[in-house]
Amino acid sequence: MENLMLLAPEIVVAATGLIILFIGVFMSPRTKNILGYLATLGVLAALVLTIQSFGIEATMFSGTVSIDALSQFFKLVFLAVALIVSVASIKYNENSDHTEEFYSLVLFATLGMMVVASSNDFILLFCAFELASFATYALAGFEKQNQVSLEGAMKYFMMGAVSSALMLFGISFVYGATGTTSIPMIAENASLLAENPIGLVAVVLLIAGFGFKMALVPFHMWAPDTYQGSPSVVSSLLAAGSKKMGFVAAFRVFILALAALQPDWQLAFTILAVVTMTFGNVVAVSQTSVKRMLAYSSLAQAGYIAMAFVVMTPMALTGGIFYTLAHAFMKGGAFIAAGAVVWMITTQRTGDLQVPDHLDNFRGLGKRMPLVALCMTVFVFALAGIPLTSGFMAKFVLFSSAIQAGMTWLAVIAILNSALSLFYYARLVRYMYFLPPEGKKIGLPFPYAAALLLATAGVFAMGLWPEPFLQWAMEAAKVLI
Amino acid sequence: MLPVASLLILVPLIFAAVTFFTKTKDQAAGLAFLGSIATLGLTLYAYLNFDSSTAVMQFFESIDWIPLLGVKYSVGIDGVSLPLILLNAIVIPFLILYSWKEDRESPNRFYGLILTMQAAVIGVFVSLDFVVFYVFWELTLIPLFFMVNIWGGEKRAHASYKFFIYTHVASLVMLLGIFGLFYASWQQTGVPTFDIRTLVAQFQFLGSGLLRDAIFLSIIFGFLAKLPIFPFHSWLPDAYTEAPTAGSVLFILLKIGGYGLFRISLPMLPNTGNPELMITMLGFLGAFSILYGALVALRQKDLKRMIAYSSLSHMGYVLLGSAGLVTLSVSGAMFQQFSHGLIMSIMFMSAGAIQTSTGTRIINNLGGLAKKMPMLAVLMMLGFMASLGLPGLTGFIAEFLVLAFSYVNLPGFVLLALLSIVITAGYNLWAMQRAMFGVYSEKFGDVRDIDSLQVFSMGIIALLVLYFGLNPNPVLNMMITNSKAIVSLAAALGV
């Protein structure tokens, strides 16, 4: 009998999701708000359990599930995102009829991501990937009356389905060549794959499949529409959480299983990383919708993280892994802040209601919603890499690792990109603080405030005291080397 | 002993945080003034307990910050940093007094940002770890960006963005150099460290000459752009001109570019792959900036813009003196930083006062103001005279030291720079004459002189210009001690 206690975080998340779904059916819309607190509590418990289990290493269920530093770290990332999202959703779901569905979908998506992080077998990886994907497809289209939301969800679903198919196709090639779906076994039989031209096809297919979730250019087409159209709390989950699932899966699949084919995928990731960061930043400059701008900046950030695959030193992997957690707080928080503004615009009925997240609606936000403006400023400055924030630390480790590995050109491209990004981030700050407000001051609902403060605390914790996080990231990176 | 170095950062920062929450103008200015006085007190404490006969780091503190990467929070004060801390600590209380009576939107943020700026600038001066250094270095951007963008002139948006992006990119290039230095040393010794003094000392053992040149150039690029020096100066005229008076003075107090030169670049210079070439390059850029800044200042119509370009010219002396690599030329360059901060504060405060009372800064539209603003005329005269290098004032000592002693190694460039002396006298006197003397233009109506707080604050700074002009030793001695240490490194290598 396996020691199920090792899976306690997953079990708690799954159980909370099921309980919410079950008891929600018997509750009236007025009392359903309590479900949000229940979900938060569940996530919090799982978070504590995960942190407690740091340092444990084990494989379970015939080696299909691996509990190691890498999976623990990413569980931390996913649960942190889930925490921020579920806290903020308490306001979003106020007086909604579908509260229980919303929270159980968030929790199942989180569960899927957590299992992906632990997957040591292609079949489990794929199933967990799909669990998370399907939950997020539904969440993206949660506002059934909103055309933009539906369009975004549709795109996301269509492209997601195709990419899953490609991924599965790639997995089948790997299985065909090596005769196994277990990641360690594939790594052992790597020579079979390296000698076979099928290996190359598999790499291409798998990159396309994971590239979709990581939102690397050119597999990013869905991301801006989906991030903009989805409810902000869901965009937060997508950008901060499910994108990281793509990364952890790619870490395991490429670095562990397909190590023998490193020259091939390394070249591909080099091109993808450079193109993605540059494209994301250049297009973000011209956006007038803040959520869209955040979506493109999210592409750029994915491009930076993808540098880890290019540089491939322990330092770079540490930096890439550290970056995923840093990005979770920054981007997760930024979408929640955008969500708070959208909420303000729709309840106040002032400003641009067609595009509630329009840049113009952020005018004078420093006066109208001081806390949101302040937190948003912290998030965007962190995304730009201003010191004392998590973003600076992450870039610091990741970019400098490129120099260490002798890839100064890559560091230069990344740094120039990062300078360019400052332009559109600073513009948002200017709108919030320097332009006169249109409308009066409005009180911020507690859940938004709590979620924003959580994310801000994360940003500063990682910026001011990065040692423990770096330590964890370094442990996680060791799994890959 | 008090942990002065840390307190010098913390005290203004804490006062800044509280100032942000004040409600009225008087509360904000009062609290900020209190904070700056506390900082001044700490600085004087450091000064009185400072041993200027040694180049050793004093008030040293060090705590592990990110042990994995060898990052430490290390701070300390020596003869390179103390005069600049002194400059900041002296000018900022008077800057707050000067601005007290002015009406502006959200004074709490205004004064809060001034103190944040002070903390960040002092942070740069005391940090002895590259990461801490870079953190404070970047932090200085934010208050200035807001300062220009909120309270600046008509083209404030353009100016603030240009400043922000320009200097941010320069800082990033500098960061690349720092990383290069860090990894080269890590590879060599197996121990990661960001300690500035250790890395600078190890520089000579790292990699090929080409690599060392690349590291040196990318780090010094950040300093030259911040100083600024031709051709990296294009953010300066816009930012200085569009900033509110207090902002312009803060820009002037931002002596981190020159400081970096003394702390980091000069000790590295003799160990670069090709020191002769580097010295020639720096000497040329310095001399050319002196001449170029003066020439461009001569043809400015806007008083503030003229002062901005004159600042470019004066910063050239810092670079020229550094490149001179003689104890007294380097000391002169350090003294120029100190002196320039005081002089330019008076000049920008004068220009600000003129704009407030007449509504214009176009020199040709002014005239005869001395009749209506006698107090301002006296103080402004002193500032302009100091700027053109009148003996007995600080500017003279700095320029004399730089020109006389850089001649030892760089005679050609000194001759080039000498041309600017005439031009500097020209634009200063000409501007003074057209703005303050001559026929009073009646269209301004009844112009009022500067108020007593402004007279007091400008007066004190003017007195300091006079005092240090007559008796530079209190700060010059410690500069000479440290310059000797810097130059002896170069001399040992025969550069």
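Throughout, protein chains are lettered first and strands after them, A, B, ... in sequence-line order, and every chain is numbered starting at 1. All heavy atoms count here, side chains included; hydrogens, waters and symmetry mates do not. As the structure is a computational prediction, the values presented were derived from the model and not from experiment.
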For this session: Under 4.5 Å heavy-atom distance to chain B, tell me which part of I386(A) shows up: side chain, backbone, both or neither.
Result: side chain

For this session: Side chain from CB out, backbone as N, CA, C, O: work out which of these in K395(A) comes under 4.5 Å of a heavy atom of chain B, or both, or neither.
Result: neither

For this session: Take atom NZ of K25(B) as the centre, draw a 6.0 Å sphere, and report whether it contains more than 12 heavy atoms from other residues, nucleotides or ligands.
Result: yes

Seminar exercise, completed: Note: vs chain A, highest number of non-hydrogen pairs under 4.5 angstrom among Y134(B), W137(B), F136(B) is Y134(B)

Problem set entry | Side-chain touch L69(B)/M315(A), heavy atoms, less than 4.5 angstrom | yes

Exercise. What part of A157(B) gets closer than 4.5 Å to chain A, counting heavy atoms only: side chain, backbone, both or neither?
Worked result: side chain

Problem set entry | Spacing of F423(A) atom CZ and I165(B) atom CD1 [to the nearest 0.5 Å] | 6.5 Å

Exercise. Can you name the nearest heavy-atom pair linking L388(A) to W65(B), along with the distance?
Worked result: CD2-CH2, 4.4 Å

Problem set entry | Minimum side-chain heavy-atom gap R427(A)-Y161(B) below 4.5 Å | yes

For this session: Return the option, out of V169(B), I142(B), L139(B), L176(B), with the maximum number of heavy-atom pairs under 4.5 Å with chain A.
Result: L176(B)

Exercise. For atom CH2 of W465(A), is the number of surrounding heavy atoms from other residues, nucleotides or ligands below 6.0 Å larger than 12?
Worked result: no

Problem set entry | Side chain / backbone / both / neither for L420(A) at chain B, heavy atoms under 4.5 Å | neither

Problem set entry | Gap separating the CZ atom of F179(B) from the CD1 atom of I415(A), nearest 0.5 angstrom | 6.5 Å

Exercise. Does L210(B) CG have over 12 foreign heavy atoms under 6.0 Å away?
Worked result: no

Seminar exercise, completed: Of the listed P466(A), S401(A), P387(A), the one with the largest count of heavy-atom pairs under 4.5 Å with chain B is P387(A)

Exercise. What pair of heavy atoms forms the shortest contact from F145(B) to A426(A), and how long is it?
Worked result: CZ-CB, 4.2 Å

Exercise. Would F396(A) and F194(B) count as a close aromatic pair, with their ring centres under 6.0 Å?
Worked result: yes

For this session: Mind checking the CD1-CG spacing from I403(A) to L175(B)? Nearest 0.5 Å is all I need.
Result: 7.0 Å

Exercise. Relative to chain A, which segment of V173(B) carries a heavy atom at a distance below 4.5 Å: side chain, backbone, both, or neither?
Worked result: neither

Exercise. Out of curiosity, N149(B) CG to R430(A) CZ, how far, rounded to the nearest 0.5 Å?
Worked result: 6.0 Å

Problem set entry | Interatomic distance, D64(B) atom CG to E467(A) atom CD [nearest 0.5 angstrom] | 8.0 Å

Problem set entry | For chain A, the option from R156(B), R109(B), Q187(B) that forms the most heavy-atom pairs under 4.5 Å | R109(B)

